[in-house]
Amino acid sequence: MSDTTPAAETAAPHRYTAQLAADIERRWQDRWETEGTFAAANPSGDLDSDPELAARPKKFIMDMFPYPSGAGLHVGHPLGYIATDVYARFQRMTGHNVLHTLGFDAFGLPAEQYAVQTGTHPRVSTEANMVTMQAQLRRLGLGHDRRRSFATIDPDYYRWTQWIFLQIYNSWYDKAADRARPIAELVAQFADGTRETPDGRPWAELTAAEQSEVLSGHRLAYAAQSPVNWCPGLGTVLANEEVTADGRSERGNYPVFKANLRQWMMRITAYADRLLSDLDALDWPEAIKLQQRNWIGRSEGARVDFPVRTADGQASADAAVTVFTTRQDTLFGATYMVLAPEHELVEAIVPAAWPEGTHPVWTGGHATPADAVAAYRKQAASKSDVERQAEAKDKTGVFTGAFAVNPVSGDPVPVFIADYVLMGYGTGAIMAVPAHDTRDFAFARAFELPMRCVVEPTDGRGTDTTTWDDAFASYDATIVNSAGEGISLDGLGVVEAKAAITRWLSERGIGEGTVNYRLRDWLFSRQRYWGEPFPIVYDEDGVPHALPDSMLPVELPEVDDYSPRTFDPDDADTSPETPLSRNAEWTTVELDLGDGPRTYRRETNTMPNWAGSCWYELRYLDPNNSERLVDPAVESYWMGPRDGRPAGGVDLYVGGAEHAVLHLLYARFWHKVLFDLGHISSVEPFHKLYNQGMIQAYVYRDARRIAVPAAEVEELGGEYWYNGERVTRLLGKMGKSLKNAVTPDEICAEFGADTLRLYEMAMGPLDVSRPWEPRAVVGQYRLLQRVWRNVVDEATGEVTVSDAEPDEETLRALHKAIDGVSGDMAELRFNTAIAKITELNNHLTKAAAPVPRAVAEQLVLLIAPLAPHIAEELWSKLGHTASLTHADFPVADPALAQDPEVTCVVQIKGKVKARLEVPPAIPEAELEALALADPAVVAALGGAAIRKVIVRAPKLVNIVI
RNA sequence: GCGGCGGUGGCGCAGUGGCGACGCAGCAGACUUAGGAUCUGUGGCCCUUGAUCGGGCUUGAGGGUUCGAAUCCCUUCCGCCGCACCA
């Protein structure tokens, strides 16, 4: 595979070639494995092998869990793994006990779909994929502690996933204490009367089913009938997060419908505030924090009750529609109301006939309100979210025939239904203030509804709304036109007006200040085979029972058919059927759960793909513990809170930005529950998060827009040709389907793993996406060749270093490099670290003399985290018998890292006219005198009068004339 | 539409107020039968010169602050990423 011919080989039999690299790399990988070089020491338990190591400061470094895909890796995949490995190796050399390993997130749809197509058990194909991927990763020389690796599909692992599920199931959120507590403590409160039951009956008088139902309303994991995203094409329900903005499944791109189904949910909303506020202490990219904040979507406002006349014509305080608004200050401007089409009160308020004088555009041309509402509801339900989306600008809706009363002005306001109000947000009903809300404005214009200006525009448009082109929505203005019984907001600013009206509302019991969240509870069940079974059974009354710990794990049974029943993707009128439900032998089970052997029916849903990755960081710590999820002493050692990381957590977590909300939010939620229940000492799972960029690749397409093999495209004078046909070039993702994938195996074969590692790290900053440039890889290969040649004679293979003392210039170059490289490594700036190593090596190459041993050794140590195989080989050639994994990383001598002379630039009017070599500590006056006396300066000045001299010792003198 | 990030040689990118790092490509040379191997040198554009020297212009565009701007401020254009009728 190497480009080097036999001729060159004979000339330099010990040149650093791809073959030599392959030989070195395989040998060191074997040695690391047999010596257990990367074993991290626990303070106690079965992995406490080395107390000296455990006594060092710890670093817990993690990559996001890979899914073992059957397609194999391309060079983009290991980018993050290489980066964490470099960082981990650097940390080992700076005296840390480093925990770095990698497991597999191995439950998932691809294996199941493959099983459906081929009949291969998902476990079989998944395990084969893991073997392939392990081999590919091993070839890169990643320093993982293999003892700590596992896959989520291991029963020993998912036993604890199920255990955590039960912990969550058996907990409730105590709002007063602001934490989760065991459900038994809630039962005790109901039992002794401290807490009243919903209907006031004593707890003991409730049937088991009723008690179960009550508790279900509090449990952090609960089964409930709720509107969920049903995807007939996949045959499963999906979490909101798995549905794209245009209402399709993220996987498969099938239509998704709203259906009311009984599903398992996680009460993540109980943690909304903590998930939000605890972000502050985390060292995460702002963009990710922002996405989480937006996803949680906290907004402060008020709930306000609007009395409505019911269908029988009675105005009644009982029939009130509650709205959520963030602009309670504009309540006087509410001239109509809108309910979501699905709102439960709609039917109750629709009268038999249109009220006298109903505006024709409000009725949609229907004879009665009931007809109009039914027609609109039907139309809204049949529309996919895509269609709603497309029509977002055109406001549609219909009058219900009912009127409500604006509680502050007393004015009657018509009640509409319209699909611009969403059932899932707030209360599913709004008060519409067309003058001060853009959506309401558009609706009011379309339906010729009145407007009332209650916030004085500051842009000079005046208060006559008939002349307006849009709503005036600014917060920075004063309230007008807002005086009523016992209240006047006139003259107040928006903020004060909000406070005043909120107080007035709560005094009267018709509203209150409240906080609303966009975040909803997490849909946790899937109609899939290849996932963790729920540790739940149902008795003959349908009451769910948690299985005791002793019955875990509930293992996945064998089935004949892995597929859920799927349907016509467009048929909304279908409902899910799980693969596990077809296995009667498994679903029906006789158990003794404390009251004698009885027959139970197993839960046949499985957990979603995220379950296994919600807590894996904890299992890396103590992977073999059969008694506990993780030993508290071990957890506190690796993840406990300490200075600089008050919430504790992993020291560095590297992965793609695509997990910004899903995985990271779920994992934080589980972590907090486990913390509340006292199982762990850290409040957050991941202290520092880093998003690596993507490696992109050029996609070449022919005239039919079909991708052609990128490797076979030729460039001729700025144009691209394939098989004699001109093709176009665009930057895109790397992948098999685009025919532009480059595999790590190819690069390793052509140059070696160290070159691949170096190139991936040198391409640019880790967090930036950049194109893979096949031609540029050779640059890093050359660097390694030069490093090799600076230490080893290519003809004899003998070490060439001298025992001479390094000259001062070399020493300074070395210490400057050390200084820069250590700083860069600590901050994950591997690209600039490599540039500085290259600079040093170029200096040594140009010196054209044997490299002094002291300098060679430091150079080898500097490059060791980046290119560990060649570094180990050189280190051993230099006479060291032990691996350099735990050798001390070079430390810069500050006196040598700084130049004895710095170049001072002398500018005249900002243009450089002369350069002086001066000591760094030169006094300003002396520097100025030196500059003014310089012949070049004198010449450039030509006797002109000097107006001013700016001296910035020691680097600059600027003369102004 | 709202929010975030970013635009520097042919390319990937260094550089957070004061000499454009490092690599690729290119060009010239060396070793070579040859080289897409390796080594050495060169290194944006324009003017001037036989060649040096010298001078001018360059960090998306335009303006501003400053003795001095890739860096700070304003305006504008382009690209990428989130969110998207969230009341």
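Order of the sequence lines fixes the chain letters, A, B, ..., with proteins taken first and strands second; residue numbering starts at 1 for each chain.
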Exercise for review: Provide, to the nearest angstrom, the distance between the CZ atom belonging to A:R327 and the C1' atom belonging to B:A87.
Suggested key: 11 Å

Check your understanding: Contact class for A:N516 (heavy atom, under 4.0 Å): base, sugar-phosphate, or nothing?
Key -> nothing

Check your understanding: Who does B:U40 pair with, Watson-Crick or G-U, both distances under 3.5 Å?
Key -> B:A28

Check your understanding: Counting only Watson-Crick or G-U wobble pairs whose two distances fall under 3.5 Å, which nucleotide matches B:U33?
Key -> none

Exercise for review: Would you kindly say whether A:T269 and A:D521 are connected by a side-chain donor-acceptor distance under 3.5 Å?
Suggested key: yes

Check your understanding: With a 4.0 Å cut-off on heavy atoms, is A:V661 in touch with a base, just the backbone sugar-phosphate, or nothing at all?
Key -> nothing

Check your understanding: Are a donor atom and an acceptor atom from the side chains of A:Q328 and A:T502 found within less than 3.5 Å of each other?
Key -> yes

Practice item. May I have the distance from A:F306 (atom CZ) to B:A87 (atom P), rounded to whole angstrom? Key: 16 Å

Review point. Once you round it to whole Å, what is the distance between P of B:C22 and CG of A:N841?
Key: 13 Å

Check your understanding: In the structure shown, which nucleotide is the Watson-Crick or G-U wobble counterpart of B:C2, with both distances under 3.5 Å?
Key -> B:G82

Revision key, fill the gap. As its Watson-Crick or G-U partner within any shown strand, both distances under 3.5 Å, B:U75 has B:A61

Check your understanding: Which residues satisfy the salt bridge (charged side-chain N to carboxylate O under 4.0 Å, His left out) test with A:R298, sequence neighbours excluded?
Key -> A:D273, A:E300

Check your understanding: When you check the phosphate oxygens OP1 and OP2 of B:U38, does a side-chain N or O of A:R15 lie under 4.0 Å from one of them?
Key -> no

Review point. For A:F830, which residues count as a ring-ring contact (aromatic ring centres under 6.0 Å, His included) partner, sequence neighbours excluded?
Key: none

Study note, to complete from the structure: A:Y698 meets the ring-ring contact (aromatic ring centres under 6.0 Å, His included) criterion, sequence neighbours left out, with none

Review point. Could one point to a donor on the side chain of A:K836 or the base of B:C22 with an acceptor on the other under 3.5 Å away?
Key: no

Check your understanding: Roughly, in whole Å, what's the span from CZ in A:F751 to P in B:A37?
Key -> 10 Å

**Study point:** Nearest-nucleotide pick for A:L290, side chain only, options being B:A14, B:G3, B:U38
**Key:** B:G3

Review point. To the nearest angstrom, how far is A:H14 atom NE2 from B:A37 atom P?
Key: 23 Å

Check your understanding: Which nucleotide in the list B:A87, B:C85, B:A14 gets nearest to the side chain of A:D419?
Key -> B:C85

Review point. Taking only side-chain nitrogens and oxygens of A:Q291, does any of them come within less than 4.0 Å of OP1 or OP2 of B:G4?
Key: no

Exercise for review: State whether A:N294 places a side-chain N or O below 4.0 Å from either non-bridging phosphate oxygen (OP1 or OP2) of B:G4.
Suggested key: no

Exercise for review: Output all residues satisfying ring-ring contact (aromatic ring centres under 6.0 Å, His included) with A:W788, sequence neighbours left out; order by chain, then residue number.
Suggested key: A:Y16

**Study point:** Neighbours of RNA chain B within residues 825-835 of chain A, by heavy-atom distance under 4.0 Å
**Key:** A:N831, A:T832, A:A835

Review point. How is A:I950 classified with respect to the nucleic acid when contacts are heavy atoms under 4.0 Å: base, sugar-phosphate, or nothing?
Key: base

Point to revise | ring-ring contact (aromatic ring centres under 6.0 Å, His included) partners of A:W772, counting only residues at least two apart | key: A:Y759

Practice item. Determine: side-chain N/O of A:R789 to OP1/OP2 of B:U38, distance under 4.0 Å, yes or no. Key: no

Check your understanding: Which part of the nucleic acid, if any, lies within contact of A:T845, taking any heavy atom under 4.0 Å across all strands shown: a base, the sugar-phosphate backbone alone, or nothing?
Key -> sugar-phosphate

Check your understanding: Any salt bridge between A:R445 and A:D470, counting N to O under 4.0 Å?
Key -> no

